[in-house]
There are 2 protein chains.
Amino acid sequence: MANIRDVAKKAGVSVATVSRVVNKNGYVKKSTLEKVNKAISELNYSPNAIAVSLNNKKTKTLGLILPDITNPFFPELAKAVEEVANQNGYTMILCNSNGLLEKEMEHIEMLERKYADGIILASDSYTEERLKGTDLPMVLLDRGVNPNHSSITANNFSGAVMATKHLLKQGCKKIAHIAGPKNVLTAVDRLKGYQSVVRDSNWYDGDLIIHANYNTKEAITATKKLLEMDSSIDGIFASNDLIAIGCLKAIRSIGWKVPDDIAVIGFDGISLTDLIIPQLSTIKQPVYEMGEAATKLLINEIEVGKKESLFKEFDVTLIHRESTDKRGEINE
Amino acid sequence: MANIRDVAKKAGVSVATVSRVVNKNGYVKKSTLEKVNKAISELNYSPNAIAVSLNNKKTKTLGLILPDITNPFFPELAKAVEEVANQNGYTMILCNSNGLLEKEMEHIEMLERKYADGIILASDSYTEERLKGTDLPMVLLDRGVNPNHSSITANNFSGAVMATKHLLKQGCKKIAHIAGPKNVLTAVDRLKGYQSVVRDSNWYDGDLIIHANYNTKEAITATKKLLEMDSSIDGIFASNDLIAIGCLKAIRSIGWKVPDDIAVIGFDGISLTDLIIPQLSTIKQPVYEMGEAATKLLINEIEVGKKESLFKEFDVTLIHRESTDKRGEINE
DNA sequence: TTGAAAGCGATACCAT
DNA sequence: ATGGTATCGCTTTCAA
């Protein structure tokens, strides 16, 4: 591949001049500009990004660290980040942490060594402590407010309130909650939302809450345990859609009917919820918008600089379908 | 961040020596080695990857170009690529092409400018023609054999044969096929497999084949059209799982029962097939293994060099479940 | 308006 | 066994 000196030689000018026309800065006489442009196109020249980066310490690269790309919630987020990044001339490095703090730190260090310009961190295992060393611009997803980094979240608390109230409205008399992991912020907020609604009901009992990881398999076990313990439960608010799907499977396996015997609602709004039978009611997060906002925020921080940490919270919406409503919206 | 000169100064040696200890090559006296290592850890030094890249023209970066990360088939592929890449010290840039040839070419050019070491291309719109300019190591996924690039595929033809025969074995008397796009190689092979099995049946008719894109929405329309045209169809082989799910939804909306009135089988084996009701029979591709193989092949080509284009085809397996079998394996 | 040359941070060859 | 220095490809002063 041709380099800047080849172009300079071909155009009969200095490399400095070529640099000026490539970057459209500094004074260049019209006629030389044309000569240079001609040489550039003839040699099919395009600047070596590595060399450019070595100078200005910018790589036009963003890192996206996720717990698990195979969790259906994240691909759409990744898509948003990638698209917005591309639109702004950035490229996205994808890192899977598998929820391991260890791996997460390795990824961050690697991104620093490669001089990524910034990081979007969507992590379960985040602890403020460990991020101290890093001075890379970083935007947090689904983490709480914190003085050092901007962050984007959905309104998990109010979503949980909406979900629980919806079950109540559908006539549920005893609502259980399958909560996510205790150390995951979103799970905690959703649990709090649930509790705020049902705490004062006469049927309420701490045993109605059971914890499970954000996946289908554990949710099946948890649901069975719950229903064996108390067969009068007639509504479940699951901390995310994958868990809710586990509920549905467990319920089906013991022969109960949804929503007649028991209603189920999830959280996230992954597209899966629309494909299963019965269609799953859920609280939808605006995933794409969140990814978009995070990326824009990060790029702004990189290019303009950061004055203060911003905290942006997105509203969620109730989507009621067959799993809670006898006459839900059925999108065939 | 400290650079190599800081370390050299602190250790009282030259940068050349520091470089030697960092790269563990050349002779270094034990005592100086210790001095240097001490300085390195005290300064928390780690080599600037950009500078290294400028020298050796290697960035330890791989590009993965996908049609669409939100298609559930791809996240697992991406995960495999990312993991294997990481294990070998590489980093993965994710690019979404949206199936647009245009975008794909832009991504390839960008990866070249950033000096990615190689590319894994999983693309619908690939044409040999357009790849001519590129001399980056590249491994193709789901593209046919071709002289210039190694490639990885699943055995789509024989999978389609298995799927179709399974429907026959379950007692289907008239099997339709919802094929994928005509220009997509996997779709074409699956269509051929279907045809090879049913071509000589007395009920066979070209009208039993209908094309749709690899998504649920179009499949719903296609299925309805098919069943309106010929209500004696009692089996559908869908070109992928997303299409098969569309079939299921369409069938449900007109009140037919699966598998009693009509059986459905898909292709790919995405995890979704296990979560829906009825559970979907499918032909499972070993996605993770395919991603793994592609990445290893690519890295080998990068580091060892390529002698010839390799063509590796993976076997697929039949997973029969409720959508075709009255007594399928029910994994609850 | 243009060019020469000093970096950016590392590697590797050539001396010593 | 160690050090000096040219080099990778580009940007950016400083002079002219």
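What you see below is based on every heavy atom in this structure, not just the backbone, and it leaves out hydrogens, waters and symmetry mates. Source: prediction; values computed, not measured. Every chain is numbered from 1 and lettered A, B, ... according to where its sequence line falls, protein lines coming before strand lines.
Salt-bridge check for A:Glu34 with A:Lys30: failed, with every basic side-chain N at 4.0 Å or more from each acidic carboxylate O. Using a 4.0 Å cut-off between a side-chain N of Lys or Arg and a carboxylate O of Asp or Glu, B:Lys307 and B:Glu301 do not qualify as a salt bridge. Salt-bridge check for A:Asp68 with B:Lys79: passed, with a basic side-chain N closer than 4.0 Å to an acidic carboxylate O. Remark: B:Lys296 engages B:Glu292 in a salt bridge, criterion side-chain N to carboxylate O under 4.0 Å. A salt bridge between B:Lys38 and B:Glu42 is present, with a side-chain N of the basic residue lying under 4.0 Å from a carboxylate O of the acidic one.
Between the CD atom of A:Gln285 and the OG1 atom of A:Thr153 there is a distance of 9.0 Å, given to the nearest 0.5 Å. Residue B:Ser53 holds its OG atom at 7.5 Å from CG of B:Asp117, rounded to the nearest 0.5 Å.
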Going 5' to 3' through nucleotides 9-16 of chain C and flagging B where a protein heavy-atom sits under 4.0 Å of the base, S where only the sugar-phosphate is that close, and - otherwise, we get BBSBB---
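Rounded to 10°, the helix from C:dT1-D:dA16 to C:dT16-D:dA1 has 50° between the axis fitted to its first five pairs and the one fitted to its last five.
Within the structure, every side-chain polar atom (N or O) of A:Thr17 is placed at least 4.0 Å from both OP1 and OP2 of C:dT2.
The OH atom of A:Tyr27 sits 16 Å away from the P atom of D:dT12 (whole-angstrom rounding).
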Could you check A:Leu64 against A:Ile119 for side-chain contact (heavy atoms from CB on, under 4.5 Å), going step by step and ending with a plain yes or no? CA-CA 6 Å; A:Leu64 174 64; A:Ile119 295 179; over 6 Å; no
Worked verdict on A:Ile302 versus A:Tyr90 for side-chain contact (heavy atoms from CB on, under 4.5 Å): CA-CA 11 Å; A:Ile302 291 168; A:Tyr90 288 78; 3.6 Å; yes
Carefully, step by step, assess A:Glu303 and A:Lys60 under the rule salt bridge (charged side-chain N to carboxylate O under 4.0 Å, His left out). CA-CA 10 Å; A:Glu303 298 184 348; A:Lys60 289 277 181 181; 3.5 Å; yes
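Contacts with DNA chain D (heavy atom under 4.0 Å) in residues 32-40 of chain B: B:Thr32, listed by number.
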